[in-house]
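What you see below is based on every heavy atom in this structure, not just the backbone, and it leaves out hydrogens, waters and symmetry mates. Convention: sequence-line order gives letters A, B, ...; per-chain numbering from 1.
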2 protein chains.
Amino acid sequence: MTSTLEAALLGVLARGEHTGYSLARMMGRPVGYFWSAHHSQIYGALASLEDRALVRHTVIEGAGPRPTKRYAITAAGLDALREFVAGELVEPPTRDLETLKMWSMWTVDPGSARALVERAYARHASRLTAYETELAEVSADPDSRDRTHPLFASRLTLEGGVRSRRAAVDWCAWMLGELAVAEGAEAD
Amino acid sequence: MTSTLEAALLGVLARGEHTGYSLARMMGRPVGYFWSAHHSQIYGALASLEDRALVRHTVIEGAGPRPTKRYAITAAGLDALREFVAGELVEPPTRDLETLKMWSMWTVDPGSARALVERAYARHASRLTAYETELAEVSADPDSRDRTHPLFASRLTLEGGVRSRRAAVDWCAWMLGELAVAEGAEAD
DNA sequence: AGGCGCATGTAAGCCGTTACATGATTCC
DNA sequence: GGAATCATGTAACGGCTTACATGCGCCT
């Protein structure tokens, strides 16, 4: 019924009111860490949510050529969000471009293979520091210990991000070692 | 130029010949661990790859109502695969349904929150054991130490799977602890 | 007799990306 | 004067999912 993008938007609006534009920007940091969408998709989804009375808008003064709309979640919207969170998770198909490349690593020359892993290392490492910084900020707020406060959920998800990126960074370092060993063996 | 699905298919065909049907089944184990597609998509992609001479088919005898086609990668196809592996990785947008749910966990009752985390724990744990089993099998083969052998890449990617699932399992266990602590604080 | 596995294909529709369109204000 | 930010929308297109279609051989 409610699409995943709609659930994501409800999740953001449950934490505060937003315009379509500011929702689109939030699909950068922090929501963009685990979900993303373009504004063209967001405006349509908001209209669809409003048709079903899960969100409501009021017109505010803004800088655009058309009226600026501020959206808020409704009681029905909060119910729909809760249902989404508590409902069954239908495992969506995995599509991991990085692993796909690694899996065909055997076809390329040693230099390309090393470069591939090094780039992956750098990406994961930079994400890791971003997560760590944000986690430190969130953890400093006592609200992040209150199970019913949004920051509690932010803290748990950021902790997950830190752990997974740490694992990815370690994995890349380990792969560089394996590549070195294999190249050494080749040289013999 | 070459879509990601096409790259995935080239990656499989570089390891051996397949029919469209068997490719579709492989989008279960092990390729399905990091990529997946339906047969309806695969048949079209194979035709498109063949138009560009990246794969070639020969008709073999089979059980279907139409001629059964066995596909093999061509030299040009191998080149295209290498280019894909060595080329820039344009970071595709993240869409992580599990994290999305966790991030809105603060809206639901404690029981639903715990159930959400426990289901995630179970999913990751079962994937972890699957990866560990397969990694043990692959590692036992001496070819998995040869950088130019497919099993080398299989071993590295499986190691990544084990590490990431281990991190996810640990994360879920940690979250269950955090939930218990937060509920204890609420009871006071 | 009916269901499952082999085997290939088409078609409708949804979701997501990219590009087009508009227009005021602020900063360089 | 030109670029960036705010702000909302439409349209074309491609990728992915779901469903429809066909038909043989094997097992129960």
Side-chain angles (χ1 to χ4, degrees), chain A residues 1-9 12 17-29 31-32 34-52 55 57-71 90-97 100, chain B residues 1-10 12 17-29 31-32 34-52 55 57-71 84 90-97 100:
Chain A
M1 178 123 64
T2 334
S3 77
T4 319
L5 169 61
E6 286 170 356
L9 294 176
V12 181
E17 306 193 354
H18 283 280
T19 65
Y21 185 84
S22 68
L23 282 166
R25 266 186 324 159
M26 285 197 72
M27 298 288 153
R29 202 200 75 131
V31 187
F34 51 85
W35 208 263
S36 73
H38 294 271
H39 75 268
S40 56
Q41 215 186 342
I42 290 168
Y43 289 116
L46 284 172
S48 158
L49 284 169
E50 192 154 38
D51 282 349
R52 282 171 290 152
V55 302
H57 83 261
T58 47
V59 173
I60 59 169
E61 47 180 316
R66 271 184 279 280
T68 298
K69 301 173 181 176
R70 180 158 55 205
Y71 284 90
V90 279
E91 188 114 42
T94 345
R95 285 208 181 83
D96 181 344
L97 198 58
L100 179 60
Chain B
M1 177 121 65
T2 335
S3 78
T4 319
L5 168 62
E6 286 169 356
L9 294 176
L10 288 177
V12 180
E17 306 194 354
H18 283 279
T19 65
Y21 185 84
S22 69
L23 283 166
R25 267 185 323 160
M26 285 197 72
M27 298 289 153
R29 205 199 74 129
V31 188
F34 51 84
W35 208 264
S36 72
H38 294 270
H39 76 268
S40 55
Q41 215 186 341
I42 290 168
Y43 288 117
L46 284 172
S48 158
L49 285 169
E50 192 153 39
D51 282 348
R52 283 171 290 151
V55 302
H57 83 261
T58 48
V59 173
I60 58 169
E61 47 181 315
R66 270 183 279 279
T68 298
K69 301 173 180 175
R70 181 160 53 205
Y71 284 91
F84 165 77
V90 280
E91 187 115 42
T94 345
R95 285 208 182 83
D96 181 344
L97 198 59
L100 179 60

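- Nucleic acid contact class of B:R70 (heavy atoms, under 4.0 Å, all strands): none.
- Remark: A:Q41 is in phosphate contact with C:dG16, judged by side-chain N or O atoms under 4.0 Å from OP1 or OP2.
- Going from atom CG of A:L46 over to atom P of D:dG9 covers 9 Å, rounded to whole Å.
- Put simply, A:H38 has a side-chain N or O that comes within less than 4.0 Å of OP1 or OP2 on C:dT17.
- Residue B:R25 places no side-chain N or O under 4.0 Å from the OP1 or OP2 atom of C:dT8.
- For the pair B:V55 and B:L9, the minimum side-chain heavy-atom distance is 4.5 Å or more.
- Comparing D:dT8, C:dT8, D:dC16 by their nearest atom to the side chain of B:L5 picks out D:dC16.
- As rounded to whole Å, 14 Å separates atom C1' of C:dC6 from atom CG of B:L23.
- Residue A:Y43 places none of its side-chain N or O atoms closer than 4.0 Å to OP1 or OP2 of D:dG9.
- The separation between A:H57 atom NE2 and D:dA7 atom P is 15 Å, rounded to whole Å.
- Checking the phosphate oxygens (OP1, OP2) of D:dC6, a side-chain nitrogen or oxygen of A:Y21 falls inside 4.0 Å.
- With rounding to the nearest 0.5 Å, the separation of CZ in A:R25 from OG1 in A:T19 is 7.0 Å.
- Considering CD1 of A:I42 and OH of A:Y21, their distance stands at 11.5 Å, rounded to 0.5 Å.
- Whole-Å rounding puts the A:H18 NE2 to D:dA7 C1' distance at 15 Å.
- Closest contact between the side chain of A:R66 and the listed nucleotides D:dC16, C:dT22, C:dT8 involves C:dT22.
- In this structure, B:Y71 has its ring center under 6.0 Å from that of B:H57.
- When rounded to the nearest whole Å, the span between CD of B:E50 and C1' of C:dT8 equals 14 Å.
- Taking the charged nitrogens against the carboxylate oxygens, A:K69 and A:E50 have no contact shorter than 4.0 Å, which rules out a salt bridge.
- Counting to the nearest Å, the C1' atom of C:dG9 and the NZ atom of B:K69 are 9 Å from each other.
- Map B:P93 and B:P67 each onto its nearest nucleotide of DNA chain C; the residue landing nearer the 5' end is B:P67.
- A straight line from CZ of A:R95 to C1' of C:dG16 spans 12 Å, rounded to a whole angstrom.
- Atom NE2 of A:H39 and atom P of D:dT5 are 15 Å apart (whole Å).
- Within the 4.0 angstrom heavy-atom criterion, base atoms lie near B:S40.
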